[in-house]
Number of protein chains: 2
Amino acid sequence: MKDKPPVPSAHRPARATIYEVATLAGVSPATVSRVFNGFNVSAKYANAVKKAASELGFRPNSAARTLRTRTSEVITLVIADIENPFFTALARGVEEVARASGYSVVLCNSDEDEEREKTYLAMAAAQHMAGVIITPATDHTDVSEWLAHGTPVVSVDRTLAYANVDAVMVDNQAGARDATRRLIERGFRRVACVTGPSGTETADERTSGWRDVMLDHGGVTPERYLVRALAKDSGGREAMEKLLALPEPPDAVFVGQNLMGIGVLEALASAGISPEKFGVSILGDLSFAATLIPPAVDVFSLPAREMGRTAAQLILERIAGDKRPPRTVVVRRSAE
Amino acid sequence: MKDKPPVPSAHRPARATIYEVATLAGVSPATVSRVFNGFNVSAKYANAVKKAASELGFRPNSAARTLRTRTSEVITLVIADIENPFFTALARGVEEVARASGYSVVLCNSDEDEEREKTYLAMAAAQHMAGVIITPATDHTDVSEWLAHGTPVVSVDRTLAYANVDAVMVDNQAGARDATRRLIERGFRRVACVTGPSGTETADERTSGWRDVMLDHGGVTPERYLVRALAKDSGGREAMEKLLALPEPPDAVFVGQNLMGIGVLEALASAGISPEKFGVSILGDLSFAATLIPPAVDVFSLPAREMGRTAAQLILERIAGDKRPPRTVVVRRSAE
DNA sequence: TTGTAAGCGTTATCAC
DNA sequence: GTGATAACGCTTACAA
């Protein structure tokens, strides 16, 4: 990645510096700096500086500032899949809160890929970000460099096995239980489970929530009705097709992932099975397509935005110097 | 925004510098720099430097580098709505190409808001980005600062009225014509048009594509069937309700925006009207929900990803020093 | 090939 | 309250 030298940079006209502003305003550079950082400066000078600055189109050079102060007012947010509405809603939540405190958010898309994630983390590490919020691609994503450097890290939606950092989670198991129980209440008994690949924390938890309910009601372990697949709509479709091909197919399905839900519905539709007859209950953020989903389908949505907001709050506290031991905040799903 | 002083930064342990690496490797700092920038260094020294660097966990400080070189290998991408799949697909396209050339992409979400857009542009301007790709919130978005500074700018999906920069567009008018024509071919005659607010370039163009076809086939200007609303699903729903309440309602509708399409379908559904009877044709990216959309609905998708890829290619060329006059590239919609 | 040294534009530490 | 001045960590002439 780092092999080819940077493209020869085009000539960049210099931008006004603090020195030129100082000269024009008849003060020292230090005074200009003070004006821009809210320190005490006499009104007379302050005005002169502001005037000079706007005349010159002065814009503080953030590279210089970051170099000097070893910090910047930007938060890096690394999400796992930019095309998944759960993550974009989360991003929006982060941004709302961060912006309100004067922080900017830069978004990086790891695409669930360890390598890409690593690249972005390295890039951000080189930039003295104020903090990092991440939905880790794996539970062994390495954030030690950040911690060593004193940069706060908050993980969202998934936990980091080898790092003791703040985390924002949702109660996946309870969500899965609720969603599964709904199907039981509606009279279904052979409830299958379709969710993300084994080893994915959220998927594992949701699986176990489903299993809990099934064991309570069926008495036997319903593992033959458990299908784990790629957490995309294609994965959902394949999983559902597999289930329908079973000798004794299920009569309902709990889907533990938003996009997979779409795939499941698709598979059912092309098999000519209506969700009124065949129970479907989905745990995941489907707001973007809410009105396209047949009303017979139960959707249990996730508080993505709220999770983002919470993560931002946590990181702002850490940035402000909060030294308490790391916390895990579980955001409750809003009453439906 | 810039009023409150930065949160007092926590103490940051210093990270290894090029000097320490140099000392450990027994060379000069310049040599270390050369190793990391791919200049000729004897193998012996190069290895010593690499070894020392990894022992110290050295990571080049990008703020210092940017300060010195006045450029960085990151591209800023400002999109108008992170929750709209059109823009996220576009983002993905940009990223694919940029990453392949060793550039990182930071994503900013303007949320169609001029103020937020301005903040992000200013932020990025302070950071010596290599380039900026933007889907402007308005046609008068100010990018002059960039241009003055020699930073390449590419606009995507929308053009900038007051700046002569590279642009990547899609042929909205042709798309709208195709989509409308399809309805005519299916036998509909009173084809309405629902699209984004007046003044939005893409919406204006799509409107005129629809109008062209209608005038060709109907002979009268069908303005009473034109409804422009907020480019969200709520806007689509309201627009459709308005149309259905007309004394002589339309018998079909062309929708010039993806999310609005969902709203339109929703309104039709709750009015008990099936899209087999009432023609619906949508121009916009709906891939995320493709399988949930009734098959009777015609969807003409937009090459969002390809547009992103193209934009990235353009900006990389500019970064590399391409001095040709600005171009507008129109990306063709892929044959369906 | 390698080293020396002078900045890049800020902010922070002193004196005044 | 204000002004010199020395860093911050890197790149890059220029010398060697």
Side-chain angles (χ1 to χ4, degrees), chain A residues 2 5-9 11-49 52-53 56-73 125-128 149, chain B residues 2 5-9 11-49 52-53 56-73 125-128 149:
Chain A
K2 192 75 224 63
V7 173
S9 70
H11 170 66
R12 295 285 174 96
R15 202 173 282 167
T17 74
I18 219 171
Y19 275 83
E20 306 172 48
V21 176
T23 309
L24 184 58
V27 300
S28 78
T31 299
V32 177
S33 170
R34 289 183 184 114
V35 170
F36 277 87
N37 290 286
F39 290 91
N40 272 342
V41 169
S42 68
K44 185 180 66 175
Y45 280 171
N47 289 329
V49 167
L56 295 171
F58 169 74
R59 183 74 48 125
N61 179 319
S62 72
R65 176 185 223 152
T66 296
L67 175 58
R68 185 59 231 232
T69 63
R70 297 152 166 282
T71 185
S72 66
E73 289 173 84
Q127 313 229 35
H128 286 292
H149 182 249
Chain B
K2 190 74 224 66
V7 173
S9 70
H11 169 66
R12 295 284 174 98
R15 202 174 282 169
T17 74
I18 218 173
Y19 277 85
E20 306 173 47
V21 175
T23 309
L24 184 57
V27 300
S28 78
T31 299
V32 177
S33 170
R34 288 180 185 119
V35 170
F36 277 87
N37 289 287
F39 290 92
N40 273 342
V41 169
S42 67
K44 186 181 65 174
Y45 280 172
N47 288 330
V49 166
L56 295 172
F58 170 73
R59 184 74 47 126
N61 179 322
S62 72
R65 174 186 226 156
T66 297
L67 175 58
R68 182 61 232 239
T69 62
R70 296 153 168 282
T71 185
S72 67
E73 289 173 84
Q127 313 229 35
H128 287 290
H149 182 250

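Both backbone and side-chain heavy atoms feed into the values below; hydrogens, waters and symmetry mates do not. A, B, ... follow the sequence lines: proteins, then strands. Residue 1 opens every chain.
- Distance CZ (A:Phe39) to C1' (C:dT13): 12 Å, rounded to an integer number of Å.
- Put simply, B:Arg65 has a side-chain N or O that comes within less than 4.0 Å of OP1 or OP2 on D:dT11.
- If you take CG of B:Leu56 and C1' of D:dG9, they are 15 Å apart, rounded to a whole angstrom.
- A 4.5 Å side-chain heavy-atom check between A:His128 and B:Asn61 finds at least one atom pair inside the cut-off.
- Comparing the helix axis at one end of the helix from C:dT1-D:dA16 to C:dC16-D:dG1 with that at the other, each defined from 5 consecutive pairs, gives an inter-axis angle of 30° (nearest 10°).
- Rounded to whole Å, the distance from CG on A:Leu67 to C1' on D:dA6 is 13 Å.
- For the pair A:Asn61 CG and C:dT10 P, the computed distance is 5 Å after rounding to whole Å.
- For the pair A:Ser33 and C:dT11, the criterion of a side-chain N or O lying under 4.0 Å from OP1 or OP2 is met.
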Reading 5' to 3' through nucleotides 2-7 of chain C, protein heavy-atom contacts under 4.0 Å coded B for base, S for sugar-phosphate only, - for none: BBB-BB
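- To the nearest 0.5 Å, the span separating CD on A:Gln127 from CZ on B:Arg65 amounts to 11.0 Å.
- Atom CD1 in A:Ile18 sits about 14 Å away from atom P in D:dA4, given to the nearest Å.
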Give the table of side-chain donor-acceptor pairs shorter than 3.5 Å for residues 25-34 of chain B, with sequence neighbours excluded, one pair per line with atom names and distance.
from: B:Ser28; atom 1: OG; to: B:Ala30; atom 2: N; distance (Å): 3.3
from: B:Ser28; atom 1: OG; to: B:Thr31; atom 2: N; distance (Å): 3.3
from: B:Ser28; atom 1: OG; to: B:Thr31; atom 2: OG1; distance (Å): 3.3
from: B:Ser33; atom 1: OG; to: B:Asn37; atom 2: ND2; distance (Å): 3.4

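- Separating the CD atom of A:Glu20 from the C1' atom of C:dG9 is a distance of 10 Å, rounded to the nearest angstrom.
- Taking atom NE2 of residue B:His149 and atom C1' of nucleotide C:dG9, one finds them 12 Å apart after rounding to whole Å.
- The two residues B:Phe36 and B:Ala53 have their closest heavy-atom pair at CZ-CB, 3.7 Å.
- The shortest distance between the side-chain N/O atoms of A:Arg59 and the OP1/OP2 oxygens of C:dG9 is not below 4.0 Å.
- Across A:Ile18 and A:Phe58, no two heavy atoms sit closer than the pair N-CE1, 3.6 Å.
- Between the CZ atom of A:Arg70 and the CZ atom of B:Arg15 there is a distance of 9.5 Å, given to the nearest 0.5 Å.
- Interatomic distance, B:Arg68 CZ to A:Leu67 CG, rounded to the nearest 0.5 Å: 12.5 Å.
- Here D:dG9 presents its P atom at 19 Å from NE2 of B:His128, a figure rounded to the nearest Å.
- For A:Ala46 against A:Val35, the heavy-atom pair with the smallest separation is CA-CG2, 4.0 Å.
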